[in-house]
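Data block below; observations after.
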Amino acid sequence: MVERKRLLDFLPHLVLLLGIAIVAFPVYVAFVASTWDAATISNGQMPLRPGPYFLENYYRTIFVGTSSSTREPVGTMMLNSLIMAMCIALGKIAISLISAFAVVYFRFPFRMAAFWIIFMTLMLPVEVRIFPTYKIVADLRLLDTFAGLTIPLIASATATLLFRQFFMTVPDELVEASKIDGAGPMKFFFDTLVPLSITSVAAMFVVQFIYGWNQYLWPLLITTKDNMQTIVIGIKKMIVTQDALTEWQLAMATAILAMLPPVIVVVVMQKLFVKGLVETEK
Amino acid sequence: MSDVRLEGVRKVYAGGVEAVKGVSLDIADGQFCVLVGPSGCGKSTLLRMVAGLETISGGTCAIDGRVVNEIEPAERDIAMVFQNYALYPHMSVYDNMAYGLRNRGTPKDEIDARVKEAARILEVEPFLQRKPKALSGGQRQRVAMGRAIVRKPKVFLFDEPLSNLDAKLRIQMRVEIKKLQRALKTTSIYVTHDQLEAMTLADQLVVMNKGQVEQAGAPLELYEKPQTVFVAGFIGAPPMNLVTVPESGLPGLTLPERPPGPVVLGVRPEHLHEDGASPFGLAIEIVVTAVEAVGAETYLYGALNGDGPELIVRVAGRATHVPGQRLTATAAPDQLHFFNPQTGKRIG
């Protein structure tokens, strides 16, 4: 019995370890590549252990930038990406909380129509409505601004739906108790509803932060200036160079740097994130 | 201080369903009024109309002489205790109790004093910093009551506050609610479907059925002189025996004095005696079908004359009866109730 149990414990762990190795290996290679010099990488002789250029490469990536294609230091790109991802995530959460609040707790004419219109936008991601959206942003002279970069991406049916589902599980008695306690609708919203949805908010933040961070097509259209570039576009620009040697060590360092913020967000918010998606107990 | 006066209060829902069909009720200052009835009788709706959580479709509701039909719940100066406690899960016990006062702009030190006072009365002082999640059902109920009493409202409203507790705790809390209300002398309206809770708590007991008041009065008055068949069957446990007796009488049932015509005869199980023969009262012959011993007393279930309607007889202590046994039970004339079989109203 004991042996069998050990075997049963061992097998799943082996599978999991193999899985981790398969996923983690390319990341490791990217990291290793970011610690060697360009010559070592391009002659195909790169060893599988970290090299001696770690500090130098990362310093150049963050503060100086590549010598060709995009000359912007990655520090600026990261800041741009961070501002964009934060604006999108927080904006989506704020708008969705309010719209879900309106749809669940207020009886106004065409309430369900409003809800279904929000619902239908699920079928209209940026890629589908890219031309009209671009036209509007351009007409409003918002090209190359953070407003143009984030506002068109803020409306979110997903988050509205999630919050709506959550609000519907909040017992009516809490609303009634608030009424008797003299809390008006907005006070109820801020004092009770928002604190109660904190785990859902965290879950949404993780999802939407990564969504914002990974945006490629929209920033590509909206930004033309180098100093408005986001990191995802920056990587792409670093790799595609026809007339120069790709500085792989810098591109890899950028890739590693681009990965870090989402990883940090996930790791920090993991507990709340899981709770927010599975919690049913009130 | 504050009385509650309902006049012809009606509730009609959008679909045309009439949940409350004109209820008029006077609840005196400091009185403990209990609304009792089967589920769907409109008792909760009535309470929620007093609270302002439901609009009043017709009639008026006045608290302390002021008609409150169009006044927001927060301005009615009432406090409500809900069945599922409705505590704010993310706030500590202290904040739960203080929230309503803060919203009203009560000074901080007064809030503190009132919350501590309420916590002392309800014995929840050790838990003030805990979240409701970390409390037992009984403790949550106390906090919910604390939230009500810190406000020092004109009227307490209780919506089945004990239904979520286990039987033992329910009895304990029942006694405490009564004590608390006596001490605070705050007018209270209490909704329950448990007639025992209703009997023990009420100064004024209101039995409701199908959106109407069947009878209102002191609990023992309702027990001793039920005005309708419904009240007779609802108040008392086990329920009153109700037998429809045609003009010609029933076999096995001797009834010397009775109103003319067909009647519904009511007699409580505890008023039927096996021995004391009473020549002027009721004598019934039943065949025992089941025996229920609960310790202090035994309930004998039997069929009148072997095949008639089922009756219950209460016997004090242990009983030696066995199913199939035939027995004669009697009741004194003043313990018989007669009702009109058509209208359900009391005769005499």
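Protein chains get the first letters and strands the later ones, always in sequence-line order, with residue 1 at the start of each. Any value given below was found using the heavy atoms of this structure, including those in side chains, with hydrogens, waters and symmetry copies removed.
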Heavy-atom pairs under 4.5 Å with chain A are the metric here; pick the option from B:Arg76, B:Glu75, B:Arg151, B:Met80 that has the most.
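Counting heavy-atom pairs under 4.5 Å, the top option is B:Arg151.
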
Identify which of B:Leu53, B:Leu157, B:Val81 forms the greatest number of heavy-atom pairs closer than 4.5 Å to chain A.
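So the answer, after comparing B:Leu53, B:Leu157, B:Val81, is B:Leu53.
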
I need the minimum non-hydrogen distance between [X] and [Y], along with the two atoms involved.
| X | Y | answer |
| --- | --- | --- |
| B:Asn103 | A:Ala183 | ND2-CB, 3.6 Å |
| B:Asn84 | A:Pro171 | ND2-CB, 4.2 Å |
| B:Pro73 | A:Ile180 | CB-CG1, 4.1 Å |
| B:Ala74 | A:Gly182 | CB-CA, 3.3 Å |

Does atom [atom1] ([X]) have a neighbourhood of more than 12 heavy atoms from anything else shown, all under 6.0 Å?
| X | atom1 | answer |
| --- | --- | --- |
| A:Phe110 | CZ | no |
| B:Glu72 | CD | no |
| A:Glu127 | CD | yes |
| B:Arg102 | CZ | yes |
| A:Phe10 | CZ | no |

So which part of [X] gets closer than 4.5 Å to some heavy atom of chain A, the side chain, the backbone, both or neither?
| X | result |
| --- | --- |
| B:Ala144 | neither |
| B:Arg147 | side chain |
| B:Leu87 | backbone |
| B:Arg48 | side chain |

Does the side chain of A:Glu173 come within less than 4.5 Å of B:Gln83's, by heavy atoms?
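They are not in contact (no side-chain heavy atoms under 4.5 Å apart), so the answer is no.
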
With a 4.5 Å heavy-atom cut-off, do B:Phe82 and A:Asp172 have their side chains touching?
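No - every pair of side-chain heavy atoms lies 4.5 Å or more apart.
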
State, without any angle test, whether B:Tyr88 and A:Asp181 hold a side-chain donor-acceptor pair at a distance under 3.5 Å.
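Note: B:Tyr88 and A:Asp181 side chains meet the donor-acceptor criterion.
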
Let me confirm one number: the CD-CD distance from A:Glu176 to B:Glu54, rounded to the nearest 0.5 Å.
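One finds 7.5 Å between CD of A:Glu176 and CD of B:Glu54.
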
N/O donor-acceptor pair under 3.5 Å between B:His90 side chain and A:Asp191 backbone
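Such a contact is found between B:His90 side chain and A:Asp191 backbone.
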
